[in-house]
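For ligands, and for the atoms within them, numbers begin at 1 and follow the listed sequence.
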Amino acid sequence: MHFDLAQIPQEQAYKLLVGTVVPRPIALATTVDLQGRVNAAPFSFFNAVSSIPPVVVLGIGGGEGTGDGWKDTERNIRDTGEFVVNLVDEAMAERMNICAVDFPSAVGELDIARLSALPSAGVKPPRIAESPVSFECRRLTGLSLGARSVLEVGRVVHIHIRDDLVDPVRFYVATDKMRLVARMHGRGWYARTSDLFEMPRMSLADWEARNR
Ligand SMILES: Cc1cc2nc3c(=O)[nH]c(=O)nc-3n(C[C@H](O)[C@H](O)[C@H](O)COP(=O)(O)O)c2cc1C
C-alpha cells in the first residue's frame, strides 16, 4: 500500500508514522517558566543526534487550549534556553504518564505525580530524583517545522546517572539494568527494553574472512 501524504488527513499520517517508528525513547522534560515554576512533560519525538558535541532533540507539537497555542515545555525552553531530559524506567512509567495530562500551566506536574525535584548542576530546571539518567541541556536552536511544530535542539552539559548503573572509571553503563521504557504505536502502548540480543559489529576483514 502507498500513501501520498498530501492526499490523506494529517491525523492518519501521524498514525502511520508513530505506528512504524518504534520503539521511541521517552524524555520526561523538566523546564521552568519565567516565574521559576517547574513543568514536566513526556516527549517520544526524542533522541540523541550527535556525540561531538553531545546533542539531543525534542519534537514538540502545538498545545490546544493554551493561551498562545504552545505547550508549556516549548514556551519555557524558548523563554529560558534550558531544559532537562529525564529518562523513564519501568518503576516511574505511570508517574510519567500522569505528567502528560493537560493540566493548566500553573499546575506542577511533579507534585501531582509524586516525583521529586533535585537541583541541577548547571541549569535552572531541576532534574527528577527517580530518573535513572538525566541530561542537563542548553538550547542550541529551535527549528520551526510548521505552524505548530518545533524541533528543540539542546547541547547536553551535564549527565547524571544513578550510581549503580555506571562504572566511573571505565564509563561503562549497565544499560540492561536500567529498565527504560519506550513508546510504541498509539497513545497507550509501551515497550520494555529488556528483550535483548547481541550481534557483534563486523570489520571489513571479518566480512572478507566470512565470505572467503
Ligand atoms: C509517552 C508520551 C510521549 C509523548 N510525546 C510527545 C511528543 O513527542 N511531542 C509532543 O508534542 N507531545 C508529546 N506527548 C504529549 C505531551 O506530553 C502532552 O501534550 C503534555 O501535556 C505537554 O505538557 P506541557 O504543556 O506541560 O509541555 C507525549 C505524551 C506521552 C504520554
**Complete:** If you scan protein heavy atoms around atom 12 (N) of ligand 1, the nearest is Lys71 NZ, 2.9 Å
**Message:** Can you report which non-hydrogen protein atom sits closest to atom 24 (P) of ligand 1, along with the distance?
**Reply:** Asp72 N, 3.6 Å
**Request:** Starting from atom 5 (N) of ligand 1, find the nearest protein heavy-atom neighbour and note its residue, name and distance.
**Result:** Ser44 N, 2.9 Å
**Request:** Determine, using heavy atoms of Phe46 and all atoms of ligand 1, whether some pair is separated by less than 4.0 Å.
**Result:** no
**Asked** Please state which protein non-hydrogen atom is closest to atom 16 (C) of ligand 1 and give its distance, to 0.1 Å?
**Response** Pro42 O, 3.6 Å
**Request:** Pick whichever of Ala100, Gly63, Cys99, Ala41 has a heavy atom sitting closest to atom 18 (C) of ligand 1.
**Result:** Ala100
**Request:** Answer yes or no: is there a donor N or O on one side and an acceptor on the other, between the side chain of Glu130 and the main chain of Ser116, under 3.5 Å?
**Result:** yes
**Message:** Test question: given the 4.5 Å side-chain rule for I, L, V, M, F, W and Y, name all other residues clustered with Val49, or answer none.
**Reply:** Val55, Val57, Leu140, Leu143, Leu145, Leu151, Val153
**Request:** Please test Met178 against Thr193 for side-chain contact (heavy atoms from CB on, under 4.5 Å), starting from the C-alpha separation and ending with a verdict.
**Result:** CA-CA 9 Å; Met178 224 180 317; Thr193 51; over 6 Å; no
Please table the atom pairs, donor to acceptor, closer than 3.5 Å between any side-chain atom in residues 15-27 and protein atoms at least two apart or in another chain.
unit_1 : atom_1 : unit_2 : atom_2 : d
Lys15  : NZ     : Gln12  : OE1    : 3.2
Thr20  : OG1    : Leu16  : O      : 2.6
Thr20  : OG1    : Leu17  : O      : 3.0
Arg24  : NE     : Ser44  : OG     : 3.2
Arg24  : NH1    : Val18  : O      : 3.1
Arg24  : NH1    : Val21  : O      : 2.9
Arg24  : NH2    : Ser44  : OG     : 3.3

**Message:** Between ligand 1 and Thr31, can you find any atom pair, the residue atom being a heavy atom, that is separated by under 4.0 Å?
**Reply:** no
**Item:** For atom 26 (O) of ligand 1, the protein heavy atom that lies nearest, with its residue and separation
**Value:** Asn39 ND2, 2.8 Å
**Prompt:** For atom 27 (O) of ligand 1, what is the nearest protein heavy atom, given as residue, atom name and distance?
**Reply:** Thr73 OG1, 2.5 Å
**Asked** Going by the order shown, which atoms of ligand 1 are within less than 4.0 Å of some heavy atom of Gly59?
**Response** 7 (C), 8 (O), 9 (N), 10 (C), 11 (O)
**Request:** Quick one: look up the protein heavy atom nearest atom 1 (C) of ligand 1 and list residue, atom name and how far away it is.
**Result:** Tyr190 OH, 3.3 Å
**Item:** Validation row: Arg75, Thr31 side chains within 4.5 angstrom (heavy atoms)
**Value:** no
**Asked** Should one rank Ser149, Pro25, Gly61 by closest heavy-atom distance to atom 11 (O) of ligand 1, which comes out on top?
**Response** Gly61
**Message:** Tell me whether ligand 1 is touched by Glu74 - counting only heavy atoms on the residue side and a distance under 4.0 Å.
**Reply:** no
